Amino acid sequence: MPSGPMRNLVTGGAGFLGSHLVDRLMQAGEEVLCLDNTFTGRKANVRQWWDHPRFEFIRHDVTEPIKLEVDRIWHLACPASPIHYQTNPVKTAKTSFLGTYNMLGLARRVKARLLLASTSEVYGDPDVHPQLESYRGCVNPIGIRACYDEGKRIAETLCFDYQRMHGSEIRIARIFNTYGPRMLADDGRVVSNFIVQALRGEPITLYGDGSQSRSFCYVDDLVEGLIRLMNGTSTGPINLGNPHEFTIRQLAEQVRARINPELPLIEKPLPADDPRQRQPDIVLAQRALGWQPQVSLEQGLEPTIAWFQELLG
Ligand code: NAD
Ligand code: UDP
């Protein structure tokens with residue numbers, strides 16, 4: 001163990017999840033190198049630490065190698081919302097493969113522990129419910145979501161091959177839908193879309209009939225899970241998400257009731273390969289990390305709505 005504060009590299013640190021993780025690490029007195037190409041992240045998300053002596057921002061693309069001295073690598077760099085990762089799917093696949101390959105190479109060189117932000121999307125459109133870590137998934141390898149889903153699957157593969165070949169210390173989090181302040185207003189993800197539409201007085205757009213389900217985790221809970229995973233002994237893959245499942249229509253109704261009960265819900269075409277249902281089995285996270293979400297959707301929507309109210313003026 002090094003003496004002095006832990007030196008953390010957070011890739012994707014200017015993004016939604018990354019910037020909340022940066023906050024937690026900085027508040028714990030650690031050093032943070034925040035690396036980001038600002039594709040979907042914003043420097044404003046980490047502005048509060050800009051002049052802090054333990055903080056450094058590095059504008060860099062993870063598809064290119066980089067040499068740094070760090071103890072821990074939190075590898076989050078990758079666009080996460082379908083509209084962003086589908087903008088340039090080849091770049092998304094490169095970010096997942098080359099980005100993880102470069103970070104594993106760096107981790108190996110400096111003997112750092114690496115945590116990969118993987119995703120529930122590795123389960124694809126699941127035919128097992130709820131999803132357990134042992135479930136191998138149902139991903140369409142040639143569909144429009146594949147650049148992301150298969151990208152994360154090969155990223156997990158690379159982590160395990162580095163562990164087997166080089167003894168690399170890896171941690172893999174399979175993150176389920178997470179929401180909270182600092183999501184982008186134009187990000188296209190369902191929680192941000194619904195809140196922004198309701199605040200603007202626009203109809204709320206259900207893709208399909210809204211009967212598909214998701215389970216929504218508040219960002220503070222998720223970051224706590226990532227920290228426990230990194231600090232613990234369990235390699236994973238380990239599901240991190242809130243097991244409370246809602247249909248998308250139920251979410252729309254909750255958001256509408258809180259902001260503007262008069263708004264219509266309108267149906268739009270369901271995107272290709274949109275998973276029908278998603279709910280994490282978190283028994284492993286409970287056992288291995290002593291972790292489970294504390295914030296209900298009702299509680300988490302409040303600060304999220306407040307964030308968008310301020311953002312939209
Ligand atoms: P985000 O888009 O807000 O953050 C991603 C960050 O990575 C952004 O700051 C972006 O600029 C940066 N980035 C993208 N490509 C890069 C590249 N090639 N080089 C350097 N930086 C790059 O998304 P998020 O919701 O914060 O997601 C963070 C991570 O967590 C992602 O890896 C995502 O796959 C994973 N994840 C998120 C969720 C979720 O619900 N939020 C669910 C599952 C997995
Ligand atoms: N969705 C919706 N209306 C929107 C945005 C999304 O009905 O305005 C649906 C989308 O089709 C999916 C679910 O909400 O079934 C979650 O979408 P999101 O993009 O947030 O995440 P993911 O599909 O990657 O889980």
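The first residue of the sequence shown is numbered 1, and numbering continues consecutively from there. Everything quoted here is computed from the prediction, not taken from an experiment. In each ligand, atom 1 is the first atom listed, and ligand 1 is the first ligand listed.
- Ring geometry for His20 against Phe16 counts as perpendicular: the plane angle is over 60°, on a 0 to 90° scale with 30° as the lower cut.
- Ligand 1 lies less than 4.0 angstrom from a heavy atom belonging to His60.
- By heavy-atom distance, the residue among Thr63, Leu184, Thr178, Ile58 lying nearest atom 40 (O) of ligand 1 is Thr178.
- Checking Asp187, Asp23, Asp220 one by one against Arg182, the salt bridge (Lys or Arg N to Asp or Glu O under 4.0 Å) holds for a single residue, Asp23.
- Proximity of Asn177 to ligand 1 is established by a heavy-atom distance of less than 4.0 Å.
- Below 3.5 Å of separation, one finds an N or O of Asn37 facing an N or O of ligand 1.
- Atom numbering of ligand 2 starts at 1 in the shown order; those under 4.0 Å from a heavy atom of Phe194 are 3 (N), 4 (C), 8 (O).
- Distance from atom 8 (C) of ligand 1 to its nearest protein heavy atom, with residue and atom name: Thr40 OG1, 3.2 Å.
- Taking atom 3 (N) of ligand 2 as the reference point, the nearest protein heavy-atom neighbour is Thr205 O, 2.7 Å.
- Distances from atom 2 (C) of ligand 2 to the heavy atoms of Tyr148, Tyr207, Tyr85 show the closest one on Tyr207.
- Atom CZ of Arg47 sits in a sparse spot, with 12 or fewer heavy atoms from other residues, nucleotides or ligands closer than 6.0 Å.
- Checked by distance only, ligand 1 and Thr95 come closer than 3.5 Å through their nitrogen or oxygen atoms.
- Assignment of Ser118 to the shell around ligand 1 is supported, since a heavy atom sits closer than 4.0 Å.
- Set against the non-hydrogen atoms of Arg189, the atoms of ligand 2 under 4.0 Å away are 19 (O), 20 (O).
- Contact atoms of ligand 2 toward Asn177: 21 (O), 22 (P), 25 (O) (distance under 4.0 Å to a heavy atom of the residue).
- For atom 26 (O) of ligand 1, the closest heavy atom belonging to the protein is Leu17 N, 2.8 Å.
- Thr38 and Arg59 share a side-chain donor-acceptor pair at under 3.5 Å.
- Residue Leu35 has no nitrogen or oxygen atom sitting less than 3.5 Å from a nitrogen or oxygen atom of ligand 1, judged on distance alone.
- Heavy atoms of Gly99 stay at 4.0 angstrom or farther from ligand 1.
- Shortest contact from atom 3 (O) of ligand 1 to any protein heavy atom: Phe16 N, 2.9 Å.
- With hydrogens and angles ignored, the 3.5 Å screen pairs no side-chain donor or acceptor of Ser168 with any backbone N or O of Ile170.
- The option from Pro82, Ser213, Ser81 that lies nearest to atom 19 (O) of ligand 2, judged by heavy atoms, is Pro82.
- Scanning the protein for heavy atoms near atom 33 (C) of ligand 1, the closest one is Tyr148 OH, 3.4 Å.
- With atom 22 (P) of ligand 2 as the reference point, the heavy atom nearest to it among Arg145, His84, Gln212, Met183 is part of Arg145.
- One N or O on the side chain of Tyr135 and one on the backbone of Asp127 form a donor-acceptor pair closer than 3.5 Å.
- Between Lys94 and ligand 1 there is no heavy-atom distance shorter than 4.0 Å.
- Remark: minimum distance from atom 43 (C) of ligand 1 to any protein heavy atom is reached at Ile175 O, 3.0 Å.
- Counting heavy atoms closer than 4.0 Å to ligand 1, residue Arg42 contributes nothing at all.
- Looking from atom 15 (O) of ligand 2 to the surrounding protein, the closest heavy atom is Asp274 OD1, 2.5 Å.
- The distance criterion of under 3.5 Å between nitrogen or oxygen atoms is met by Val62 with respect to ligand 1.
- The aromatic rings of Phe216 and Tyr179 lie perpendicular to each other, with more than 60° between the two planes, well past the 30° mark.
- Residue Asp61 has at least one nitrogen or oxygen atom sitting less than 3.5 Å from a nitrogen or oxygen atom of ligand 1, judged on distance alone.
- Near Leu206, the atoms of ligand 2 lying under 4.0 angstrom from a non-hydrogen atom of the residue are 7 (O).
- Ion pairing between a basic and an acidic side chain is recognised when a charged N comes within 4.0 Å of a carboxylate O; Glu133 and Arg174 show no such pairing.
- When the options Gly15, Gly41, Cys78, Ala173 are ranked by their closest heavy atom to atom 7 (O) of ligand 1, first place goes to Cys78.
- The shortest N or O to N or O distance between Ala77 and ligand 1 is not under 3.5 Å.
- For the pair Tyr179 and ligand 1, no heavy-atom separation below 4.0 Å is found.
- With ligand atoms numbered from 1 in the order given, ligand 2 contributes 4 (C), 5 (C), 8 (O) to contacts under 4.0 Å with heavy atoms of Asn193.
- Interface atoms of ligand 2 facing Arg278, defined by a heavy-atom separation under 4.0 Å, are 22 (P), 25 (O).
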Step by step, would you call Glu31 with Arg54 a salt bridge (charged side-chain N to carboxylate O under 4.0 Å, His left out)? CA-CA 5 Å; Glu31 286 185 20; Arg54 283 188 279 103; over 6 Å; no
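- A salt bridge does not link Lys94 with Glu64: every distance from a Lys NZ or Arg NE/NH1/NH2 to an Asp or Glu carboxylate oxygen is 4.0 Å or more.
- Using a 4.0 Å cut-off between heavy atoms, Arg189 contacts ligand 1 through its side chain alone, with no backbone atom that close.
- Interface atoms of ligand 2 facing Gly188, defined by a heavy-atom separation under 4.0 Å, are 5 (C).
- Residue, atom and distance of the protein heavy atom nearest to atom 13 (C) of ligand 2 are Ile248 CD1, 3.7 Å.
- Within ligand 2, the atoms closer than 4.0 Å to a non-hydrogen atom of Glu121 are 22 (P), 24 (O), 25 (O), numbered from 1 in the order shown.
- Considering only non-hydrogen atoms, atom 20 (O) of ligand 2 lies nearest to Val190 out of Thr247, Thr178, Val190.
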